[in-house]
Amino acid sequence: MSLAVGLAHVVLLLAAGWWPMRAFAHELAGARWWSRTCWSLGLGAALVGVVQVLLSWLGIPAHMAVPAGLAVLSVLMALFTRAGREPLPAEEPLPRLLAVVLLIVALVGTTASAGLPFRSDGSKFWAPRARDLALSGAADAPALHDPARLAHHREYPLLVPALLAPVFASTPQDATVGPKLVLAALQLALLGMLAALLARHGRTGRWLLVAFATMPMLVSLDVRESVVAGGFVDGVVALFLLMLVAVVQRLRLGEGDRREVTLAVLLGSALVATKLEGAAELAILAMAWLLVGPSRARVWTVLAGVALLALPTLFIQADVVPDPPGFGFGRLADAGVLHARLMPVTAGLAGQLLNVSSFGLLPLALALAWFAGRAAGPTRSRAWLGWMLLGVCAFLALVYLTTNMQAARHIHTSAHRLVWHWLPAATWLLAVAGSPRRDDRTA
Amino acid sequence: MTRGRVAWIALALACAVGAWFVHDAESVPVAGWLQAWEGAHPDPRVFSAAEAEQFAALQDTGRRDDLRLLLIGLAVGCAVAAFSSRAKSEAGGPVRAALLAGALAVGCVGVVTSARGQWQASTTGEWTLGDDALPGMAGVHAETLRGWRDRIDEGHAVILIGTDSLLSNVAAWALHPRAVYPLVRSVPDGTPDAELREAVTLMRLGAEHDVRWIVDLEALAAGPEAARPALLRVDA
């Protein structure tokens, strides 16, 4: 029952994103059917999630009618409007060995995600929030407004809980497989989308794809190392960030028009509505875009659109009972604290490069690709990635220097998940920088 | 045999030997200089001795696992770079071939470990595609928690007393949508039920509900051997 409801919900998300994919992401999705499916699912999740958050802010419980309604609308639009743009040239199939590796990882990762119950933050935070939102809107959810009730991170955005809520509402009380299948499907969308994007960049793209797909965290059952088993939402952040980076790359190079701006606004607001870190990640991306260009005309339009669409999330956050602050920014002015934390934080973050249990050999492969890419000459894509990585390092350092937790423990429990947000986008941008186009070169 | 191939073989052997040693190690401790630094400049959020020891053991084991996987991957990768000219031409050079093969080896370990773990979890009921995940989450307490749902009305409040966060999460999951209020402290042995009821009544926790219940997590964990009941009704 729960499995069937989860599957039906995935189909509705896919249908809800089908027309937006055809109309707005035609070139990005490419000609491969599975790539178009992945983009449809990603866009459907962003669209349905943003609408569910808006309705939740208005006091309406999350309901299956929302994805169903958007799916019907999307199918009608696809039937009665002209297809997006020019037909795309066929793309060559993936090498057989690579396809087999991807299929095995997809299968094992999906069963790991769907078959195990929610655990850790998944069980005490994300799943209960989703069950609450199926019963009442965010304005009335008691766990968000009664300070004595059991609740964790009340200030966190609600896109994923609102997305999963209808599945919880339509399944037996102790079932978790349906909601977790939705998370697993979004993880698959991320893998498929990245595979299609990387496959356009020849040998470097394929090589990086193998390094990415063999990361143990894609299949691991260990809650700390895994992105799938516990029911965390970091894979959804990684998905939205990859899509946003791919869209902004077109806008940056002056290829995009109003359709790409619309996509960037939707994906940016979905990112902000998914996790607190999403807003910081959007800011890092926009700042690097402003610094590198070359086409900067759309940055402020996109940011203004995101701010508007993210208003429900911001209003909900402003209305909840605040948790005790997790960070003390006064620590940045305390020489003693900085002295004590500088070394463990630097070592802990650098240690992520050798976090083989989570990332496999991908960090080493990315480092190699970065240095090998220097031979291809300077490009704006590479500079964009460089500035973004600098921004990410600064953000992570800020988080762990000012945390109210013990810094080393905080790094141990969360750094790999914050790094994971950027890995798909960084992997793709390194492949792009390794096979640069003439108009992307800076010299 | 070329000099390059000899170097790759030597590297593969060195990594394999290293992996063998690390495999037998219980843990890999943090570098001495970092340990000394942390000792001389303690974090402002100080751990208790027991917490510090537990966390250090967790990190040391994780470091051992990372190093073992890295060395296994590099050993396989270097061996492939030494012997497979096809891999080198496909990947675009020996270093890329070594990383590619190493990544595949690490990925294989990950996939096999996951598949085996899922299989084992399916035999204990923790892994399921069915509609009942509670036994997987709550283990032996699943039936007790299910029974409480019949006794506690959905409009009642539940006060969870205890420090076991895992059991607290599971109880909160099982009793949803009842209002759950956590009280993170232990009930001293021998506390009479009436005294516990009175203490909770004085706290006014969840007092806006007509009926409140106490769930004592320590008593729940102890099961039938518990000296006091795990579920107590506070208000008549």
Side-chain angles (χ1 to χ4, degrees), chain A residues 1-3 101 104-105 108 111-112 114-117 123-124 127-128 131-132 135 142 146 148-150 171-177 203-204 207 210-211 213-216 218-221 331 337 339-341 343-344 347 354-357 360-362 364-365 368 404-409 412, chain B residues 34 37-38 41-47 55 58-59 62 65-67 69-70 73 77 90-92 95-96 99-100 102-104 106-107 109-111 113-115 117-118 121-122 126-134 136-137 160 165 168-170 172-174 176-177 179-182 205-206:
Chain A
M1 167 75 174
S2 181
L3 187 63
V101 169
I104 290 173
V105 171
V108 177
T111 52
L116 291 167
S123 76
K124 71 183 176 198
R131 294 167 95 189
D132 286 347
L135 299 173
D146 180 351
R149 283 216 195 192
L150 179 67
T171 58
Q173 180 166 10
D174 291 324
T176 58
V177 61
R203 197 157 56 182
T204 301
W207 175 69
V210 172
T214 51
M215 281 195 297
L218 293 178
V219 295
S220 175
L221 307 186
R331 293 208 165 93
V337 174
H339 199 215
R341 282 190 168 170
M343 204 58 86
L354 293 177
N355 185 352
V356 187
S357 306
L361 300 190
L362 182 65
L364 297 182
L368 185 67
N404 284 344
M405 288 174 70
Q406 208 267 5
R409 178 182 281 281
H412 182 78
Chain B
L34 187 56
W37 177 280
E38 286 174 345
H41 310 90
D43 192 276
R45 183 75 188 264
V46 183
F47 275 150
F55 180 57
L58 194 70
Q59 284 199 304
D65 293 345
D66 283 338
L67 190 59
L69 261 183
L70 176 70
E90 289 274 332
V95 178
R96 277 187 173 197
L99 273 180
L100 190 72
L104 278 170
V106 171
V109 172
V111 163
T113 307
S114 175
Q118 288 181 56
S122 73
E126 196 189 350
W127 185 98
T128 175
L129 296 181
D131 283 346
D132 188 8
L134 192 58
M137 296 169 93
L160 290 180
S165 62
S168 162
N169 292 340
V170 170
W173 167 276
H176 190 271
V180 171
Y181 295 88
L205 210 52

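Chain letters run A, B, ... following the sequence lines, proteins first, then strands; residues in each count from 1.
- Between chain B and the options A/Leu362, A/Leu364, A/Leu3, the largest number of non-hydrogen pairs under 4.5 Å is found for A/Leu364.
- Two residues are said to be in side-chain contact when any heavy atoms from C-beta on lie closer than 4.5 Å; A/Arg331 and A/Asn404 meet this criterion.
- At a 4.5 Å heavy-atom cutoff, the contact between A/His412 and chain B is made by side-chain atoms alone.
- The side-chain heavy atoms of B/Leu69 and B/Val106, taken from C-beta on, include a pair separated by under 4.5 Å.
- Comparing B/Thr128, B/Val95, B/Leu58 by how many heavy-atom pairs each has under 4.5 Å with chain A, the most go to B/Thr128.
- Formation of a donor-acceptor pair under 3.5 Å by the B/Trp127 side chain with backbone atoms of B/Gly117 is not found in this model.
- Residue A/Arg131 touches chain B through both its backbone and its side chain, counting heavy-atom pairs closer than 4.5 Å.
- Each of B/Ala179, B/Gly136, B/Gly206 has some count of heavy-atom pairs under 4.5 Å with chain A, and the biggest count is that of B/Ala179.
- For A/Leu368, the part lying under 4.5 angstrom from a heavy atom of chain B is the side chain only.
- Looking at A/Leu116, the atoms closer than 4.5 Å to chain B (heavy atoms on both sides) sit in the backbone and in the side chain alike.
- Ranked by heavy-atom pairs under 4.5 Å with chain A, the first of B/Leu100, B/Val46, B/Asp132 is B/Leu100.
- The side chain to side chain contact (heavy atoms under 4.5 Å, CB included) search around B/Asp65 returns A/Ser357, B/Thr61, B/Arg68, not counting sequence neighbours.
- For A/Asp146, the part lying under 4.5 angstrom from a heavy atom of chain B is the side chain only.
- Taking chain B as the reference chain and counting heavy-atom pairs below 4.5 Å, the highest number among A/Ile104, A/Asp132, A/Val101 is found for A/Asp132.
- Interface remark: A/Pro344 contributes backbone and side-chain atoms alike to the contact with chain B (heavy atom separation under 4.5 Å).
- Residue contact with chain A, scored on non-hydrogen atoms closer than 4.5 Å, involves the side chain of B/Leu205 exclusively.
- For the pair A/Val219 and A/Ala112, the tightest heavy-atom approach, listed with the atom from each and the gap, is O-CB, 3.9 Å.
- Side-chain contact check for A/Val105 versus A/Met215: every heavy-atom pair is 4.5 Å or farther apart.
- Residue contact with chain A, scored on non-hydrogen atoms closer than 4.5 Å, involves the side chain of B/Leu34 exclusively.
- A heavy-atom distance below 4.5 Å is found between the side chains of A/Val108 and B/Gln118.
- The parts of A/Ala407 that come within reach of chain B are both its backbone and its side chain, each placing non-hydrogen atoms under 4.5 angstrom from that chain.
- Per-residue heavy-atom pair counts under 4.5 Å with chain A were compared for B/Asn169, B/Asp131, B/Val109, and the maximum is reached by B/Asp131.
- Only the side chain of B/Trp37 comes within contact range of chain A, with heavy atoms under 4.5 Å apart.
- Note: A/Pro172 leads A/Pro216, A/Ala114, A/Pro172 in heavy-atom pairs under 4.5 Å with chain B.
- Of the listed residues (B/Ser168, B/Ala103, B/Ala121), the greatest number of heavy-atom pairs within a distance under 4.5 Å of chain A belongs to B/Ala103.
- With hydrogens and angles ignored, the 3.5 Å screen pairs a side-chain donor or acceptor of A/Gln173 with a backbone N or O of B/His176.
- No donor-acceptor distance shorter than 3.5 angstrom exists from the side chain of B/Ser114 to the backbone of B/Gly110, with no hydrogens or angles considered.
- Evaluation of the salt bridge (charged side-chain N to carboxylate O under 4.0 Å, His left out) rule for B/Glu126 yields A/Arg119 as partners, not counting sequence neighbours.
- Of the listed residues (B/Glu90, B/Arg96, B/His41, B/Gln59), the one with the most heavy-atom contacts under 4.5 Å to chain A is B/Arg96.
- Contact annotation for A/Ala408: both backbone and side-chain heavy atoms come within less than 4.5 Å of a heavy atom of chain B.
- Between B/Leu70 and A/Leu361 there is a side-chain heavy-atom pair separated by less than 4.5 Å.
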